[in-house]
Asker: 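Below are the structure tokens for one structure; questions will follow.
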Amino acid sequence: MNKLILGRYFPGESWMHHLDPRSKLLAAAYFILVIFLANNWQTYLLLWVFTIFVLYSSNVSFSVYLRGVRPLLWLILFTVFLQVLFTGGGVIYLEWGPITISEFGLLNGAYIFCRFVMIILISTAVTLTTKPIDLTDGINALLRPLRKLKVPVDELSLMLSISLRFVPNLLDETQKVMDAQRARGTEFGAGSLLQQMKTLVPIFLPLFASSLNRAEDMANVMEVRGYQSGEKRSTFRQLSWGIRDTASLLIMLLLTISMIWLRTETTGY
């Protein structure tokens with residue numbers, strides 16, 4: 001559990017820390033779209049240079065980002081494994097029934113691995129350099145036009161804020177419960193699959209009970225403070241768009257132009 005960094009914020013004074021959360025969210029979403037323009041090693045090399053530049057600009061240790069990728073590494077490798085085994089094209093290295101290992105499959109698997117890792121790294125950089133409450137305010141501001149369509153933007157933002165706020169607490173509490181069970185002689189990961197599932201029951205029950213208690217306490221606090229769903233509310237924190245935010249979007253535009261140029265110069269389309 002201590003390897004997961006979802007929802008955690010690392011205080012700092014870097015260039016990324018001072019960006020408006022709206023610009024970071026827009027840039028991250030735009031990067032996910034731009035990454036699908038890559039179709040050769042030149043474009044992927046450019047994306048890796050940009051990703052490393054973003055990680056370096058956050059002033060967060062690279063080991064922290066690697067710790068964030070590690071829990072999802074097996075899922076990424078599983079996806080790449082399926083892509084390699086069931087994608088044909090180019091030189092065939094091995095063919096056995098529906099299983100085919102080909103040049104195109106290996107190349108496509110490597111590209112998919114790069115896409116997954118870069119998306120995780122950029123998303124992690126956004127969450128590590130943005131306070132959860134600021135991230136919620138940014139999402140609320142970006143979704144504000146949907147209010148005309150009767151979408152409950154404020155309620156969705158509140159739900160997201162509460163979720164991001166308590167994810168680290170839930171992970172820390174899970175670690176404490178596991179340590180307490182280990183002190184009582186429980187061995188996690190040992191025995192058959194059924195025995196391993198039984199060892200998780202003493203973990204889920206206390207977490208489930210504490211989550212319900214925390215939700216009830218949160219509801220009582222909101223009721224005492226006079227929160228009412230659907231009412232128009234003001235915000236204490238005001239978002240400020242600056243020159244850095246405009247420059248970040250211009251950098252994304254420059255990245256897109258460079259990607260298109262490398263794509264057309266190497267492949268012709």
Side-chain angles (χ1 to χ4, degrees), residues 1-12 21 25 58 60-79 116-117 119-121 123-140 152-230 233 236-237:
M1 290 298 159
N2 57 3
K3 295 180 180 179
L4 297 176
I5 57 176
L6 178 64
R8 299 185 187 273
Y9 169 70
F10 279 58
L25 289 170
S58 65
V60 179
S61 175
F62 283 94
S63 60
V64 177
Y65 291 105
L66 294 179
R67 196 174 70 188
V69 174
R70 198 177 305 163
L72 302 174
L73 185 60
W74 290 110
L75 179 61
I76 298 173
L77 292 178
F78 178 73
T79 306
F116 271 108
V117 174
I119 289 175
I120 294 173
L121 291 176
S123 303
T124 305
V126 172
T127 57
L128 290 181
T129 58
T130 311
K131 296 179 180 179
I133 191 65
D134 293 336
L135 195 62
T136 304
D137 291 342
I139 294 176
N140 190 12
V153 175
D154 294 329
E155 285 75 10
L156 293 176
S157 301
L158 179 64
M159 291 168 56
L160 179 61
S161 175
I162 294 174
S163 300
L164 291 176
R165 171 65 181 84
F166 286 107
V167 163
N169 293 344
L170 184 61
L171 295 178
D172 295 338
E173 190 170 346
T174 303
Q175 187 64 43
K176 293 179 181 179
V177 174
M178 293 179 67
D179 292 339
Q181 294 297 328
R182 289 193 183 98
R184 294 182 174 93
T186 303
E187 295 184 6
F188 297 100
S192 62
L193 180 61
L194 182 60
Q195 292 175 342
Q196 294 182 33
M197 294 176 62
K198 289 182 179 180
T199 57
L200 296 179
V201 175
I203 298 177
F204 289 143
L205 291 180
L207 288 177
F208 186 73
S210 64
S211 298
L212 290 179
N213 294 332
R214 186 181 292 112
E216 185 176 1
D217 294 339
M218 177 67 70
N220 294 332
V221 170
M222 294 175 63
E223 184 178 359
V224 169
R225 295 184 177 182
Y227 176 81
Q228 294 182 0
S229 177
R233 302 172 63 240
F236 176 76
R237 296 168 302 277

Asker: Kindly give the heavy-atom pair with the smallest separation between Y65 and S58, and that separation in Å.
Answerer: OH-OG, 2.6 Å
Asker: Just verifying a value: how many Å separate D217 CG and L212 CG, rounded to the nearest 0.5 Å?
Answerer: 11.0 Å
Asker: Under a 4.5 Å cut-off applied to non-hydrogen side-chain atoms, are V60 and T124 in contact?
Answerer: no
Asker: Would you please name every residue forming a side chain to side chain contact (heavy atoms under 4.5 Å, CB included) with K176, sequence neighbours left out?
Answerer: none
Asker: Measure across I120 and I76 and return the closest heavy-atom pair with its distance rounded to 0.1 Å.
Answerer: CD1-CD1, 3.6 Å
Asker: Please identify each residue that fulfils side-chain hydrogen bond (donor to acceptor under 3.5 Å, both in side chains) with S210, with sequence neighbours left out.
Answerer: E173
Asker: So which atom in G138 and which in L25 form the shortest heavy-atom distance, rounded to 0.1 Å?
Answerer: C-CD1, 3.9 Å
Asker: How many angstroms lie between CZ in F116 and CG in L121, if you round to the nearest 0.5 Å?
Answerer: 13.0 Å
Asker: Once side chain to side chain contact (heavy atoms under 4.5 Å, CB included) is applied, do any residues pair with I119, and if so which ones, sequence neighbours excluded?
Answerer: I32, I35, S123
